[in-house]
Structures are given as C-alpha cells and as structure tokens.
Protein chains: 2
Amino acid sequence: MFKKFKIPEATVGRLTSYSRFLKEADEKGISTVSSQQIAKATGVTPAQVRKDLAYFGEFGTRGVGYNPRELYNYIMKILGLDRRWPVIIVGAGRLGAALSMYRGFAERGFDIAGIFDVDPEKIGRKIGDIEIRPVEELAERVKEHSIKLGIVAVPAASAQEVVDIMVDAGIKGIINFAPVNVSVPEGVVLRRVDLASQLEYLTFHLGESR
Amino acid sequence: MFKKFKIPEATVGRLTSYSRFLKEADEKGISTVSSQQIAKATGVTPAQVRKDLAYFGEFGTRGVGYNPRELYNYIMKILGLDRRWPVIIVGAGRLGAALSMYRGFAERGFDIAGIFDVDPEKIGRKIGDIEIRPVEELAERVKEHSIKLGIVAVPAASAQEVVDIMVDAGIKGIINFAPVNVSVPEGVVLRRVDLASQLEYLTFHLGESR
DNA sequence: ACAAATTTGTTAATTTTTTAACAATGTCCC
DNA sequence: GGGACATTGTTAAAAAATTAACAAATTTGT
Ligand SMILES: NC(=O)c1ccc[n+]([C@@H]2O[C@H](COP(=O)([O-])OP(=O)(O)OC[C@H]3O[C@@H](n4cnc5c(N)ncnc54)[C@H](O)[C@@H]3O)[C@@H](O)[C@H]2O)c1
Ligand SMILES: NC(=O)c1ccc[n+]([C@@H]2O[C@H](COP(=O)([O-])OP(=O)(O)OC[C@H]3O[C@@H](n4cnc5c(N)ncnc54)[C@H](O)[C@@H]3O)[C@@H](O)[C@H]2O)c1
C-alpha cells in the first residue's frame with residue numbers, strides 16, 4: 001500500500017493529532033492549511049509535520065499548503081482507518097466498563113464487538129447495549145467476525161492468560177492496561193498502557209526543580 | 001538531587017518497569033539480580049538497563065549484580081516516589097470514576113485527594129469514600145494541601161478551561177485524557193494520554209502486512 | 001510578464017537514543 | 001592463591017529521530 005520501510009514510532013501518534021486538527025479545519029470550511037498551522041495546533045515543528053508526511057507521499061502543493069479534507073483522508077488511510085474495526089474488551093471491571101462506553105473509539109472507527117469476563121456475577125449484564133459474555137465464548141466470536149483487535153482490562157495476574165487466549169483466537173493487535181509485561185508471538189502487535197507510569201513521569205520531572 | 005542533564009524520555013518509563021520487577025524479586029527473597037534478568041523480564045536489552053541506571057549513579061556490584069531491594073529504593077527515589085503524592089481528578093464521568101477507584105495508583109504512592117465536576121447531579125455523590133465537589137472548590141483544596149498533580153477527565157471542549165483552573169491553583173503536573181491539545185505555561189509538565197491513538201498504532205501496524 | 005513572497009518536499013546536518021564492546025571488579029572452585 | 005567465569009560501569013560505535021536548510025513550485029501584486 002504505502003512504503004513502510006521504517007517509520008518512527010512517534011510519527012504514528014502525531015498523525016493522529018494532525019488528523020484531528022485537519023478534521024476540525026475542514027469542518028470550519030477552511031480550504032488550505034500550512035505545515036506551520038498544523039504544527040502550531042499540535043505542538044510540533046513545521047519540519048516535523050512535513051517529514052512525517054513525506055514518509056508516505058506528497059499530499060500538499062508547494063507555495064500553497066494542504067487541503068484539510070484531502071490530507072485528512074490520506075492520513076486516515078495511512079493509519080488503516082479507512083474502514084471500521086471491531087474490538088473486543090476482556091475484563092468488565094471499572095476500566096473495561098469505562099472503555100466500553102467511550103464514544104471516542106467509535107468516532108475513530110472502532111466498534112466494541114464484545115465484552116468478556118469470568119465473574120458469573122457480571123456475565124449476562126449489559127454495558128450500554130452489549131452483554132458481558134464468558135471468556136469461553138471469546139474465540140468463537142473473534143473467529144466469526146474476524147476480529148483483530150483486543151483490549152486487556154483484567155488484573156495483572158490474569159493478563160498473560162487472557163493474552164494467550166486472545167492470540168489463540170486470532171487477535172493480531174492488543175492493548176494491555178494491566179501493569180505487567182506480557183509476551184506475544186511474532187506477528188502480534190502489543191502495546192502497553194501504564195497509567196501509573198504516566199503520573200511517575202510527572203513526579204520525575206517535578207523532582208528536577210528540587 | 002541527582003544529575004539530570006538530559007535523560008531520555010523513555011528511560012523514565014523503563015524505570016517504572018524495572019522497579020516493578022525488582023519489587024517482585026525482593027518479595028520472592030531473591031538477593032541479587034543481573035541486568036540480564038531485569039532486561040529479560042521487562043523486554044529490553046541488558047545494555048539498556050545498565051545505561052538507564054548509569055544516568056543516576058552506580059547501584060550494582062561488578063561481577064555480582066544488583067540487590068533488588070536496594071535498587072528498587074534507589075529507582076523509587078529517582079522517580080520522586082520516596083514520598084506520597086496527592087492527586088486531584090477533574091471530571092467525575094466514567095473515566096474519572098474508574099481512575100478514582102484504581103488501586104494501582106495508591107500502590108505507587110498516589111492518593112486521590114479530590115474529585116471535581118460541574119454537574120450538579122454528581123456533586124455531593126461519592127466515589128469510593130471521596131465526595132465529588134464543585135470545581136469552584138478546587139483552588140482552595142489544592143492550595144490547602146499543596147497538591148501538585150492533577151488528572152483531566154472532562155470532555156475535550158472543557159479541557160483547556162480545566163487545565164487553566166488547575167494551573168492557576170498551583171498544579172504543576174497534569175495528565176490530560178481528553179483527545180485535544182492543551183497548552184500550559186513554562187514550569188508545568190503536561191502529558192497527554194490518547195487511548196484511541198493507541199488503537200490506531202495497532203491498526204497502522206496491522207496494515208503493514210496487507 | 002516578472003519580481004517578491006509563500007510553502008512544500010527533500011536532502012543534509014545535528015541531536016538523541018540505542019547497542020555494542022571491553023576494561024575493571026568481584027566470585028567461585030580447586 | 002590463582003585461574004576461569006560473571007557482571008558491572010563506561011566509553012565508543014551505530015542507529016534513529018529531529019531539526020535545519022534550501023531548491024522547486026505556486027501565488028500575488030504591479
Ligand atoms: N481502574 C482504572 O482506572 C485502571 C487504570 C489503569 C490500569 N488499570 C488496570 O486495568 C486492569 C483492570 O482494572 P479495573 O480497575 O477495571 O479492575 P476490576 O477489578 O474492576 O476489573 C477487573 C475485571 O476483570 C475480570 N477478570 C479477572 N480475571 C479475568 C480473566 N482471567 N478473564 C476475564 N476476566 C477476568 C474480573 O472479573 C473483573 O470484572 C487492571 O490490571 C488494572 O491494573 C485500571
Ligand atoms: N471513557 C473512557 O474510557 C475514555 C477513554 C479515553 C479518553 N476519555 C476521555 O476522557 C474524558 C472523559 O471521558 P468520560 O467517558 O469519562 O466522559 P463523561 O461524559 O462520562 O464524563 C465527563 C465528566 O466531566 C464533567 N465535566 C464537563 N465539563 C466540566 C468542567 N468544565 N469542569 C469539570 N467537570 C466537567 C461532566 O459533568 C462529566 O461528569 C473525555 O475527554 C474523553 O474523551 C475517556
């Protein structure tokens with residue numbers, strides 16, 4: 001599709017920011033934006049914006065700038081968001097429930113296509129209009145709907161076990177919210193989100209000025 | 001305190017991982033660990049572990065390794081976690097509620113010291129044993145308890161407004177969960193956590209194999 | 001039509017981060 | 001006590017990412 005030799009990890013995150021700004025600009029009826037404006041709005045340098053885009057092609061016009069809608073569409077395609085993605089969540093606790101109801105996912109093309117848990121108390125209940133199902137049904141559902149994405153929101157002690165079940169079922173991309181390192185086989189993309197660590201980043205830097 | 005010339009941003013995140021492993025090792029009664037073992041458990045290279053630590057001092061013994069408890073204590077000190085930190089949360093919605101109840105924060109030294117919202121329906125209710133208070137009371141509470149850390153869990157449209165209130169009150173480190181760029185003055189550390197973007201990282205990489 | 005002003009895409013330079021290499025130090029075993 | 005082995009701290013090399021610079025393309029004003 002696009003040349004994907006070696007894209008800096010951070011570029012992907014910035015593309016998300018750019019796309020959000022571009023969508024807003026388009027909705028305001030703006031017909032051209034410069035790398036300067038994109039940079040200002042997203043907190044990076046104009047050179048960075050152009051460099052990031054250059055990995056994937058030429059999307060602007062010299063002397064003019066970019067068309068927001070057009071560039072937005074390109075970026076969404078680069079990110080793989082020119083389609084909708086079903087996502088399963090394992091762990092219907094507080095975090096799992098919050099994520100299940102998060103409208104921001106749907107806005108970016110992600111549909112919650114299943115919530116699983118082991119707690120008999122929770123199975124059968126609904127979060128929004130999705131019923132919590134036992135983990136035993138996970139594989140069937142993943143296969144039936146060719147689901148590729150999963151979110152792990154179970155306690156740390158169960159995270160690896162859940163990841164293994166997901167991988168066996170055919171999940172190819174996983175976000176793990178449990179504060180523990182889990183391993184996945186080649187070909188499965190894993191991302192850990194450690195919220196306590198985010199706070200620690202702050203305290204580390206506050207410490208600098210002591 | 002420590003020399004802090006220029007520490008890679010990623011180092012801070014890795015220190016969190018190391019510390020978690022070291023705590024476990026210590027609790028198992030293990031008396032020495034090597035950079036090799038730390039690396040294996042946290043998914044990095046041994047050289048990386050030693051380099052990360054070298055920014056801050058010498059914590060091991062050549063030919064031997066590190067004492068888990070000792071190194072754990074050092075790292076916690078480096079991260080600024082040799083004390084407890086009160087944290088306020090603004091936005092008592094689904095995410096704010098989940099975060100308020102998250103035991104993982106307390107385990108790392110963070111205490112939820114206030115939850116604020118504007119919704120009259122929510123003010124006065126309790127999450128766990130903390131009462132949701134109106135945002136108007138934020139400044140008073142922050143000043144009274146010298147609170148330095150805040151979490152923003154309000155809709156994107158209100159994020160900047162809330163950040164401004166926090167900064168005015170004296171908050172020095174902020175985590176923003178709203179999918180929007182907000183700005184803070186010099187001297188305030190800001191971190192954005194964009195969960196949709198995490199999923200997009202996955203779809204981007206899944207796209208590679210198409 | 002042409003000069004001045006913009007703004008991109010791309011290449012080069014710089015900076016930052018990671019990885020590798022190895023001398024210094026310590027343990028273990030005979 | 002000495003040689004084989006292990007493991008750190010540190011320096012050097014390599015790789016990756018960011019920033020800067022500038023030629024090419026476009027628009028605007030005269
Ligand atoms: N609550 C937060 O704000 C928050 C923030 C960051 C990280 N986390 C992490 O996310 C995870 C979930 O946190 P939480 O607060 O929602 O916890 P929780 O205890 O409220 O929910 C965990 C859920 O997982 C289910 N579960 C346990 N083992 C399971 C298994 N093997 N298969 C399927 N489901 C299983 C439990 O029944 C429960 O419903 C934890 O690892 C936590 O550290 C939570
Ligand atoms: N729910 C999730 O899992 C999730 C995940 C990632 C990011 N987010 C982001 O976190 C934020 C909160 O999400 P949510 O799902 O909890 O939304 P929510 O609507 O459930 O809660 C938002 C809360 O903020 C309060 N609020 C609004 N304006 C305020 C103001 N000016 N001052 C104080 N409080 C105010 C509202 O009264 C409400 O209680 C959003 O920006 C969302 O995009 C949510």
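Throughout, a chain's letter reflects where its sequence line sits, starting with A, and its residues are numbered from 1. Computed from a prediction, not measured in an experiment: that's the story for all the values here. Quick note: numbers below take in every heavy atom, side chains included, and nothing from hydrogens, waters or symmetry partners.
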Check: How long is the gap from CG on A/Leu99 to CG on B/Leu95, to the nearest 0.5 Å?
Finding: 7.5 Å
Notebook entry, point to check: Quick one: which of B/Ile115, B/Ile151, B/Val154 gives a side-chain contact (heavy atoms from CB on, under 4.5 Å) with B/Val90?
Noted result: B/Val154
Checklist line | Pairwise distance CD(A/Glu137) to CZ(A/Phe116) - rounded to 0.5 angstrom | finding: 7.0 Å
Note to self: Do B/Tyr66 and B/Ser35 make a side-chain contact, defined as non-hydrogen atoms from C-beta onward lying under 4.5 Å apart?
What the structure shows: yes
Notebook entry, point to check: When you measure from every atom of DNA chain C, which of residues 25-43 of chain B have a heavy atom less than 4.0 Å away?
Noted result: none
Notebook entry, point to check: Between the side chain of B/Trp85 and the main-chain N/O of A/Leu199, is any donor-acceptor distance below 3.5 Å?
Noted result: no
Check: Picking from D/dT18, C/dT8, D/dT10, which would you name as closest to the side chain of A/Pro8?
Finding: D/dT18
Next item on the list: Please work out whether the ring planes of B/Tyr201 and B/His205 are parallel, tilted or perpendicular, with thresholds of 30° and 60°.
Entry: tilted
Item checked: Spacing between B/Phe59 atom CZ and D/dT8 atom C1', to the nearest angstrom -> 13 Å
Item checked: Salt bridge present between B/Asp194 and A/Arg108 (N-O < 4.0 angstrom) -> no
Next item on the list: Keeping to residues at least two apart or across chains, list the side-chain hydrogen bond (donor to acceptor under 3.5 Å, both in side chains) pairs with something in residues 175-186 of chain B.
Entry: B/Asn181-B/Arg192
Note to self: For A/Asp52, give me all partners under side-chain hydrogen bond (donor to acceptor under 3.5 Å, both in side chains), at least two apart in sequence or on another chain.
What the structure shows: A/Thr11, A/Arg14, A/Tyr18
Item checked: Of all pairs that satisfy salt bridge (Lys or Arg N to Asp or Glu O under 4.0 Å), the ones with a partner from residues 25-35 of chain A, not counting sequence neighbours -> A/Asp26-A/Arg69
Next item on the list: Report the distance from atom CD of A/Glu58 to atom C1' of D/dA25, rounded to the nearest whole Å.
Entry: 11 Å
Margin query: Output the rounded distance in Å from OH (A/Tyr66) to P (C/dT6).
Written below: 18 Å
Check: Please give, in whole Å, the distance from C/dG9 P to A/Tyr74 OH?
Finding: 11 Å
Checklist line | Rounded distance in Å - OH (B/Tyr55) to C1' (D/dG9) | finding: 13 Å
Note to self: If I take atom CG in residue A/Leu71 and atom P in nucleotide C/dG9, what distance separates them, rounded to the nearest angstrom?
What the structure shows: 9 Å
Using the 3.5 Å cut-off, write out each protein N or O paired with an N or O of nucleotides 19-22 of chain D and the distance between them.
| from | atom 1 | to | atom 2 | distance (Å) |
| --- | --- | --- | --- | --- |
| D/dA21 | N6 | A/Arg50 | NH2 | 3.4 |

Check: Between A/Arg191 and A/Glu9, is there a side-chain N and carboxylate O pair less than 4.0 Å apart?
Finding: yes
Item checked: Whole angstrom value for the distance that separates P of D/dA17 from CD of A/Glu9 -> 8 Å
Check: What one-letter contact string describes nucleotides 25-30 of chain C from 5' to 3', where B marks a base within less than 4.0 Å of any protein heavy atom, S marks contact via sugar-phosphate atoms alone, and - marks no contact?
Finding: BSS---
Next item on the list: Starting from P on C/dT8, measure out to CD on A/Glu70 and report it in whole angstrom.
Entry: 14 Å
Note to self: Please determine whether a side-chain nitrogen or oxygen atom of B/Arg14 lies at a distance below 4.0 Å from atom OP1 or OP2 of C/dT18.
What the structure shows: yes
